[in-house]
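Here is the structure we will look at.
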Amino acid sequence: MSSVRPIPRPRHVLRHLASLAAAAGLILAQPLGAAAQQERPALVRVDLVQMVDVDETAPVLGRLVTRQSATITARVAGPVQMVKVNVGDIVAEGDELAQIDATRMAIALQLREADLEQARANVDVVDAGRRLASQVLDRLISLQGSAAFSAARYEDALLELARTEHGLSEAQARLLRSEAEVELARVDLADATVRAPFAGVVVERQAQPGAYLAIGGSVVTLLDVDSLEIEADVPVDRISGLTPGREVAARLADGRGFTVVVRAIVPNENPLTRTRAVRFDKGDDNGFSDLAENQSITVNVPLGEQRQALTVHKDAVITGPRGTIVYVVTEDAADMRPVRLGTAIGDRFEVLSGLADGDVVVTRGNERLRPGQPLQIVGETPQEQPT
C-alpha cells in the first residue's frame, strides 16, 4: 500500500492544457495527410504524468493498549460497607469507589488523640520540674563564696537539673510519637473510603458489600480510556521506516481510518518472530469515543524512507498484443508510447521508462485510438498544484 502527494507543477503546463482545450473541435493547423484531415477528432479526457512523493507501506496488525490500568486495592483491613460503582461506570479522579466499615478506625483515632493530650500534659509537667531545678541551681551559684554555700547541695542541684532535662527530652519524644500515631490513625480512617487514583472506566468489580477485605484486597479494576495508544509488533526489516514523530495511517476493522504518530520503538526484539513492539500515539482529536483496550487496528507501516516517483494514471494504461502502451497528446494528436511500469501507487502506476514529467496522457476514450488520430479534449483538464 502506498500513499502519494502530487508535487507542485510549473504554470506553463496548465497553460499548455488550456490551449489544448481551446483548440477542441478544430482541425489541426498542420496537415497529417489527406486521411487525417478528413478524420473527426476523438473525444478524450486527459491527465498529467507527474512526479509524486511516495510512501510505500505494508499493513501490520496492532491492538489498542492503555498506558494506565490498575486494580484498585484496599489500604486498610475491614468489612466492606458498600461499593458505590458498577462495571461500566465512568469515574473521575478522587471519586468514591467503595466504603470500608470505619467504626474501629474512628475509635482508634480517639484513643490516639487522648494519648496525644496526655503526652502534651506530661511535657508541661516535666518542663515545670526542669525550670524549678534550674532556679535552685541559680540560687546556689549566687551563694558561692559565702558561708551559706554548700558544695553538696550544689552537686545535688546539678544532678537534678540534668535529670529533669533528660526527662523533658523523653517526654517530647513521646509527644512526637503520639502526634505521628494520630496522623496514622487519621490516614487509616481516610483510607476506609476507597477513591479512584485516576479518571477511567470500571471494567471489573471484585469487592462485594459484607465481604472482609485484607490490606491489598482487590476492590475494582479501573481502565483509563483516555490514555489508549496503539501497539504493533513490526518486523525488524520494516523498522527503518519508523522514527519517533512520524505520522502513519491506521484503520479500524469497521473501515474508519485516522492518522497516528510513532511515539516509541521498544528496544526488545522477539527472537521467535523477529519483531519489535512499536507504540503509536492515536491523538486526542480522532473523534472516536467507542475505542476499547485490545481492539484490533491495522497500521500501514512505511517500508522505507519517503521517495519521489514519476507516475501515470491507471486509466491511461492499455495492455494488449502490442504490450503496455499509453497515448500521449502531441500537437492535438494521439502519439502511442510503449511504457515500462513499476509498482502501483494508489490510482497510479510508477513509470520506469517511456514517459516524461509533464506529458499529457489520454485517460478516457483511449481504447479505440489510433496513432496520429486528432483529439478533442472534453471535461475538466488537470489542474496546476498550488505552490
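Note that this is a predicted model, so its numbers are computed, not measured.
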*Rounded to the nearest 0.5 Å, how far does CD1 of I318 lie from CD1 of I325?*
4.5 Å
*Any side-chain heavy atom of P41 sitting closer than 4.5 Å to one from L375?*
no
_I need the minimum non-hydrogen distance between T243 and V262, along with the two atoms involved._
O-CB, 3.4 Å
*Could you pull out the closest heavy-atom pair between G365 and V44, with the gap in Å?*
O-CG1, 4.0 Å
*Please examine the side chains of D281 and V260, heavy atoms only from C-beta on, and report whether any two atoms are closer than 4.5 Å.*
no
*Spacing of CG belonging to N294 relative to CD belonging to E231, to within rounding of 0.5 Å*: 10.0 Å
*Is a side-chain donor or acceptor of T275 paired with a backbone partner of V234 at a separation under 3.5 angstrom?*
no
*asked:* Testing the basics here: between R63 and I297, what is the closest heavy-atom pair and its distance to 0.1 Å?
replied: N-CG2, 3.9 Å
*Check whether any side-chain heavy atom of T71 lies under 4.5 Å from a side-chain heavy atom of Q206, and answer yes or no.*
yes
*Which heavy atom of L48 sits nearest a heavy atom of V360, and at what distance?*
CD2-CG2, 3.9 Å
*asked:* Could you measure the distance from the CG atom of L355 to the CG atom of L310? Nearest 0.5 Å is fine.
replied: 7.0 Å
*Interatomic spacing from CG in D115 to CZ in R177 - rounded to 0.5 Å*: 10.5 Å
*Report yes if some heavy atom in the side chain of I345 is under 4.5 Å from a heavy atom in the side chain of E350; otherwise report no.*
yes
*Flag, side chain of S134 to backbone of R130, donor-acceptor distance under 3.5 Å*: no
Solution key, residues 78-86 side-chain donor-acceptor pairs under 3.5 Å, sequence neighbours excluded:
unit_1: K84; atom_1: NZ; unit_2: E96; atom_2: OE1; d: 2.1
unit_1: N86; atom_1: OD1; unit_2: R205; atom_2: NH1; d: 2.7

_Does any part of the side chain of L132, heavy atoms only, come nearer than 4.5 Å to the side chain of T164, both counted from C-beta?_
no
*Would the number of heavy atoms belonging to other residues, nucleotides or ligands and lying under 6.0 Å from CD1 of I90 be above 12?*
no
*Is the number of heavy atoms from other residues, nucleotides or ligands within 6.0 Å of CZ (R337) greater than 12?*
yes
*Not counting sequence neighbours, list each pair that qualifies as a side-chain hydrogen bond (donor to acceptor under 3.5 Å, both in side chains) and has a residue in residues 185-199.*
Q99-T193, E183-R186
*Measure from NZ or CZ of K314 to the centre of the six-membered ring of F349, then state whether that distance is under 6.0 Å and the direction lies within 45° of the axis.*
yes
*Any link between V202 and L228 through a network of hydrophobic side chains (Ile, Leu, Val, Met, Phe, Trp, Tyr) touching at under 4.5 Å?*
no
*asked:* Tell me the closest heavy-atom pair linking V49 and D357, and the distance in Å.
replied: O-OD1, 3.3 Å
*Do L161 and V136 have side chains that get closer than 4.5 Å, going by heavy atoms?*
no
*So, the side chain of N122 versus the backbone of Q118: is there a donor-acceptor pair under 3.5 Å, distance only?*
no
*asked:* Under the criterion side chain to side chain contact (heavy atoms under 4.5 Å, CB included), I'd like the reasoning laid out for L158 against L137: C-alpha separation, chi angles, the key distance, then a yes or no.
replied: CA-CA 7 Å; L158 283 175; L137 181 61; 3.6 Å; yes
_Worked check of side chain to side chain contact (heavy atoms under 4.5 Å, CB included) between I100 and V76_ = CA-CA 8 Å; I100 297 174; V76 294; 4.1 Å; yes
*State yes or no: do F149 and I141 share one hydrophobic cluster built from I, L, V, M, F, W and Y residues joined by side-chain heavy-atom distances below 4.5 Å, directly or via other members?*
yes
*Determine, stepwise, if the pair R348 / T311 fulfils side-chain hydrogen bond (donor to acceptor under 3.5 Å, both in side chains).*
CA-CA 6 Å; R348 306 179 73 82; T311 63; 2.7 Å; yes
*Do R75 and V187 have side chains that get closer than 4.5 Å, going by heavy atoms?*
no
*For the pair Q295 (side chain) and A292 (backbone), establish whether a donor and an acceptor sit closer than 3.5 Å, ignoring hydrogens and angles.*
yes
*asked:* Grouping I, L, V, M, F, W and Y whenever their side-chain heavy atoms are under 4.5 Å apart, do V361 and M51 come out in a common cluster?
replied: yes
*Any donor-acceptor pair under 3.5 Å linking the side chain of S69 with the backbone of T66?*
no
*asked:* Hydrophobic clustering (ILVMFWY, side-chain heavy atoms < 4.5 Å, transitive) - are V87 and L223 grouped together?
replied: no
*Can we say D156 and R153 salt-bridge, meaning some charged N sits less than 4.0 Å from an Asp/Glu carboxylate O?*
no
*Stepwise, does the side chain to side chain contact (heavy atoms under 4.5 Å, CB included) test hold for L341 with V351?*
CA-CA 5 Å; L341 304 177; V351 178; 4.2 Å; yes
_hydrophobic_cluster_shared for V65 and F280, side chain cutoff 4.5 Å_ = no
_E117: salt bridge (Lys or Arg N to Asp or Glu O under 4.0 Å) partners, not counting sequence neighbours_ = R120
*Roughly how far, to the nearest 0.5 Å, is CG of L116 from CD of E181?*
9.5 Å
_Working for side chain to side chain contact (heavy atoms under 4.5 Å, CB included), residues V182 and L109_ = CA-CA 6 Å; V182 168; L109 175 59; 4.2 Å; yes
_A356 versus D359, closest heavy-atom pair with distance_ = N-OD2, 2.9 Å
*Just by modelled atom types, is the L369 backbone N or O under 3.5 Å from a matching donor or acceptor in the Y327 side chain?*
yes
*Output yes when D315 and R364 qualify as a salt bridge under the 4.0 Å nitrogen-oxygen rule, no when they do not.*
yes
_Could you tell me if the side chain of L291 sits less than 4.5 Å from the side chain of L252, heavy atoms only?_
yes
_Atom pair CD/CZ of E229 and R263 - distance to nearest 0.5 Å_ = 4.0 Å
